[in-house]
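Side chains are part of it too, since the values below use all heavy atoms of this structure and drop only hydrogens, waters and symmetry mates. For ligands, and for the atoms within them, numbers begin at 1 and follow the listed sequence.
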Amino acid sequence: MNQSADHLHVVHAAARLEHVRYAIRDMAVLAEQLTREGKTILPLNIGDPLQFDFRTPPHLIAAVEKAMHDGRNGYAPSLGIPEALEAIRAEAERKGNRQIQSVFLTAGVSEALDICLTALVNAGENVLTPCPEYPLYSAILAKLCTAPNAYRLDEANFWEPDVDDIRRRINSGTRAIIISNPNNPTGAVYSRDTLKEIVELARQHNLVIFADEIYDKLILDGEPRAPLAALAPDVPVVTFNGLSKAYLAPGWRVGWGVASGPAAAVKPYLEGIHQLLRARLCSNYPQQFAVRPALDGPQDHITEVRAKLRSRRDLTVDALRSIPHMSCIAPRGAFYAFPKIDIADSDEDFVKKLLAEKHVLAVHGTGFGQAPGTKHLRIVFLPDQATLTRAYQCIREFVAEHYA
Ligand SMILES: Cc1ncc(COP(=O)(O)O)c(C=O)c1O
């Protein structure tokens with residue numbers, strides 16, 4: 001039936017979506033338009049290693065393929081298959097997480113965070129989120145009509161969380177704190193002292209800690225770090241990880257949560273999490289068979305990934321620091337840099353013009369939240385050296401042309 005414009009009933013999206021932003025994909029839409037016009041885009045925007053010269057380890061692909069041929073194509077158990085859960089638990093224990101109360105598999109860290117936040121917060125409560133942040137955190141909280149309570153990451157202190165700011169922000173409605181370490185978008189790796197101070201605040205104020213450690217195997221300088229949960233056996237912690245980054249399989253959507261803390265204290269909360277895990281049936285079944293081979297099998301590819309990232313990080317920091325109006329704290333983990341730009345324009349105008357004129361795609365700092373008055377870019381340094389070198393040359397020319 002053809003409806004005339006007079007009778008058209010417009011279907012509006014829910015008002016709570018007003019606070020959902022995802023600048024990373026929004027910028028990609030602008031870039032797709034240019035691609036359709038035949039332009040070649042230099043992509044510094046998306047944290048997907050598979051778009052660059054990184055490939056999923058063949059033994060993981062073989063494990064998933066075998067699972068499919070073996071008929072593992074039905075529904076999985078809601079928490080995940082036992083062999084994967086055991087491998088995750090054993091690895092977490094090896095890393096020093098000693099009070100594990102539950103392990104569960106999800107469609108990426110994204111679903112794990114969604115379920116764990118949904119199972120925790122009530123209307124009117126709030127959750128401490130980093131600023132700048134990985135935008136998924138606020139997007140989930142927006143769905144829950146829960147206010148993010150954004151704490152400062154301190155650029156002048158290597159982007160470490162500002163513990164005094166966290167302390168000031170805690171109020172009677174604060175239920176949890178989200179820690180992204182190694183951090184997206186800054187690339188910071190937090191000091192043990194800072195983590196211990198945060199744990200102490202959580203202990204005093206009965207906060208649940210959400211430790212998003214998806215980049216923990218991509219620390220570029222120094223030794224691997226103990227998980228936050230190892231510093232906090234007496235505090236409720238959910239640690240998140242998965243196959244998306246270090247195991248180079250983001251499209252498989254395999255992530256997990258490891259809940260730890262005193263058994264009696266976390267029991268009702270874990271029942272809530274398990275209830276939601278059952279309600280969504282299960283996560284991807286055949287892909288779960290890659291978890292044990294990933295965690296217990298050869299780790300050689302990670303050494304190669306880190307070596308590539310280290311040289312791309314060095315190139316990035318050297319190039320950005322040599323461009324007028326830019327400064328950059330050297331990232332020490334993950335594959336992101338968050339340089340500051342000192343210009344009169346907004347950072348959103350900067351990235352849009354940079355894309356239109358030089359076909360370099362970065363994301364504006366506003367998309368992640370940032371201290372008022374400051375302007376940043378988020379750069380993904382996954383592309384190869386030649387692409388990065390060309391992209392930074394374009395940024396240099398762009399700055400010279402507009403901000404001499
Ligand atoms: C900090 C952080 N957490 C979670 C995710 C999402 O991970 P997954 O693919 O496991 O959902 C990302 C992806 O970029 C991320 O940067």
### Contact (N/O only, under 3.5 Å) between Val109 and ligand 1
yes
### Message
Is Lys245 close enough to touch ligand 1? Criterion: a residue heavy atom under 4.0 Å from a ligand atom.
### Response
yes
### Query
Is the number of heavy atoms from other residues, nucleotides or ligands within 6.0 Å of NZ (Lys66) greater than 12?
no
### Query
Charged N to carboxylate O under 4.0 angstrom, Arg169 versus Asp165?
yes
### Task
Would you confirm whether the ring centroid of Tyr215 sits within less than 6.0 angstrom of the ring centroid of Tyr336?
yes
#### Entry: Sole residue of Asn149, Leu117, Leu207, Thr174 in side-chain contact (heavy atoms from CB on, under 4.5 Å) with Val127
Leu117
### Query
Is the shortest distance from a heavy atom of Ser244 to ligand 1 less than 4.0 Å?
yes
### Message
Under 4.0 Å from a heavy atom of Asp212: which atoms of ligand 1 are those, numbered in the order shown and with their elements?
### Response
1 (C), 2 (C), 3 (N), 4 (C)
### Query
Hey, does the Lys NZ or Arg CZ of Lys308 hover above the aromatic six-ring of Phe54, less than 6.0 Å from the centre and inside 45° of the axis?
yes
### Task
For Tyr137, counting its heavy atoms only, list the atoms of ligand 1 lying under 4.0 Å from any of them.
1 (C)
### Query
So is Ser180 polar-close to ligand 1, meaning N/O to N/O under 3.5 Å?
no
### Task
Examine the proximity of ligand 1 to Ser110 and report which part, side chain or backbone, both or neither, has a heavy atom under 4.0 Å away.
both
### Query
Which atoms of ligand 1 have any heavy atom of Asn184 under 4.0 Å away?
1 (C), 15 (C), 16 (O)
